[in-house]
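Each residue takes its place number in the sequence, starting with 1. Predicted model, so just to flag it, every value in this text is computed and none were measured.
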Amino acid sequence: MKPNLLFWLCIPLLFTGCFREKYGCTHYCFGNKTDKVVRVVSYYDLDANGEPRGIEYSFDVIQGGEYEITRSAMGHFPRPFDTRYVRISDGEREVTFVRYSDRLDQKTYLYEKESYQVVKSKRYEIWYRYDFTEADFRYGVPVTEKAGTELLT
């Protein structure tokens with residue numbers, strides 16, 4: 001069989017799961033162990049009004065509920081968020097996490113592998129879990145105080 005023909009016969013394999021298995025899938029399950037709905041917004045920057053711009057993910061996790069994000073990657077820990085910031089809010093308080101911290105008071109742990117618990121693992125897939133608790137909001141900025149929340153917490 002000619003190499004060129006073999007190439008074209010293998011193309012459908014990319015769309016039938018071989019691509020996914022070769023590179024692997026990472027699943028992130030976010031649970032909510034608070035008594036309020038947790039709003040999660042992953043974004044790249046803020047606009048002139050201080051609102052998130054370039055949103056990657058925006059989702060709510062109800063009390064006792066879960067939300068899952070699935071990422072593909074080859075041989076490394078793909079972060080659940082590719083953005084610079086992740087803001088969580090419980091309606092009263094909000095906390096912003098940064099991808100790379102340049103100050104001691106900035107939180108990064110939603111981007112760190114060590115913050116997630118491995119729930120299940122098989123050959124090309126792994127499942128991580130993170131549960132939001134009251135501790136995530138312990139030093140949160142009240143939602144009514146918007147000034148500077150993108151980098152203060």
Side-chain angles (χ1 to χ4, degrees), residues 14-153:
L14 290 174
F15 301 102
T16 60
C18 290
F19 178 80
R20 176 179 171 182
E21 286 188 11
K22 180 180 177 186
Y23 287 90
C25 285
T26 305
H27 306 272
Y28 300 94
C29 182
F30 294 92
N32 183 354
K33 292 187 175 182
T34 71
D35 61 350
K36 296 179 173 67
V37 174
V38 175
R39 176 95 174 132
V40 179
V41 179
S42 165
Y43 59 98
Y44 291 95
D45 212 347
L46 297 174
D47 65 16
N49 298 321
E51 292 301 315
R53 180 178 65 184
I55 294 175
E56 175 188 39
Y57 292 109
S58 179
F59 57 90
D60 293 328
V61 186
I62 63 171
Q63 304 91 322
E66 299 177 338
Y67 186 86
E68 186 173 296
I69 295 173
T70 300
R71 307 291 301 238
S72 294
M74 186 172 84
H76 65 87
F77 173 74
R79 291 182 169 121
F81 307 104
D82 282 337
T83 56
R84 284 182 67 186
Y85 307 102
V86 175
R87 181 182 294 170
I88 63 170
S89 173
D90 67 359
E92 295 176 7
R93 301 163 293 177
E94 63 185 29
V95 179
T96 302
F97 302 90
V98 297
R99 186 170 185 163
Y100 301 108
S101 174
D102 59 356
R103 295 192 332 236
L104 290 176
D105 60 342
Q106 294 176 325
K107 298 177 184 174
T108 60
Y109 60 86
L110 281 182
Y111 290 98
E112 298 168 4
K113 182 177 183 177
E114 297 78 25
S115 299
Y116 296 84
Q117 175 187 5
V118 175
V119 178
K120 181 180 172 184
S121 178
K122 61 183 189 178
R123 187 169 180 178
Y124 292 108
E125 288 187 271
I126 190 164
W127 285 261
Y128 290 100
R129 181 171 183 88
Y130 184 88
D131 289 307
F132 294 109
T133 65
E134 288 299 320
D136 291 305
F137 296 99
R138 187 164 291 132
Y139 302 108
V141 177
V143 172
T144 56
E145 296 179 17
K146 286 289 189 186
T149 58
E150 72 281 354
L151 294 177
L152 290 177
T153 56

Is it the case that the side chain of [X] and the backbone of [Y] share a donor-acceptor pair, with hydrogens and angles ignored and the cut-off at 3.5 Å?
X	Y	result
Y67	N32	no
N49	E51	no
Y116	L110	yes
T83	S42	no
Y111	Y85	yes

Looking at every heavy atom in both [X] and [Y], which two are closest together, and how far apart are they?
X	Y	result
S89	G91	OG-N, 3.1 Å
V61	G31	CG1-C, 4.0 Å
I69	P80	CG2-O, 4.2 Å
V40	V86	CG1-CG1, 3.9 Å
T70	H27	OG1-ND1, 3.0 Å
F97	T108	CD2-N, 4.4 Å

Rounded to the nearest 0.5 Å, how far does [atom2] of [Y] lie from [atom1] of [X]?
X	Y	atom1	atom2	value
Y128	K113	OH	NZ	4.0 Å
E125	C25	CD	SG	5.0 Å
K33	Q63	NZ	CD	14.5 Å
I88	T34	CD1	OG1	9.0 Å
W127	C29	CH2	SG	12.0 Å
K36	D60	NZ	CG	14.5 Å

Checking side-chain contact (heavy atoms from CB on, under 4.5 Å) for the pair V95/D136: CA distance, chi angles, key distance, verdict? CA-CA 8 Å; V95 179; D136 291 305; 6.0 Å; no
Give the C-alpha distance, both sets of side-chain angles, the deciding distance and a yes or no for ring pair (Phe, Tyr, Trp, His ring centres under 6.0 Å) between F81 and F30. CA-CA 12 Å; F81 307 104; F30 294 92; 5.6 Å; yes
side-chain hydrogen bond (donor to acceptor under 3.5 Å, both in side chains) partner of Y43, the single match among R87, R53, R84, E56: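 Among R87, R53, R84, E56, the one that satisfies the side-chain hydrogen bond (donor to acceptor under 3.5 Å, both in side chains) with Y43 is R87.
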Flag the pair [X] and [Y] as a salt bridge only when some basic side-chain nitrogen lies within less than 4.0 angstrom of an acidic carboxylate oxygen.
X	Y	answer
R71	D82	yes
E134	R93	yes
R39	E94	no

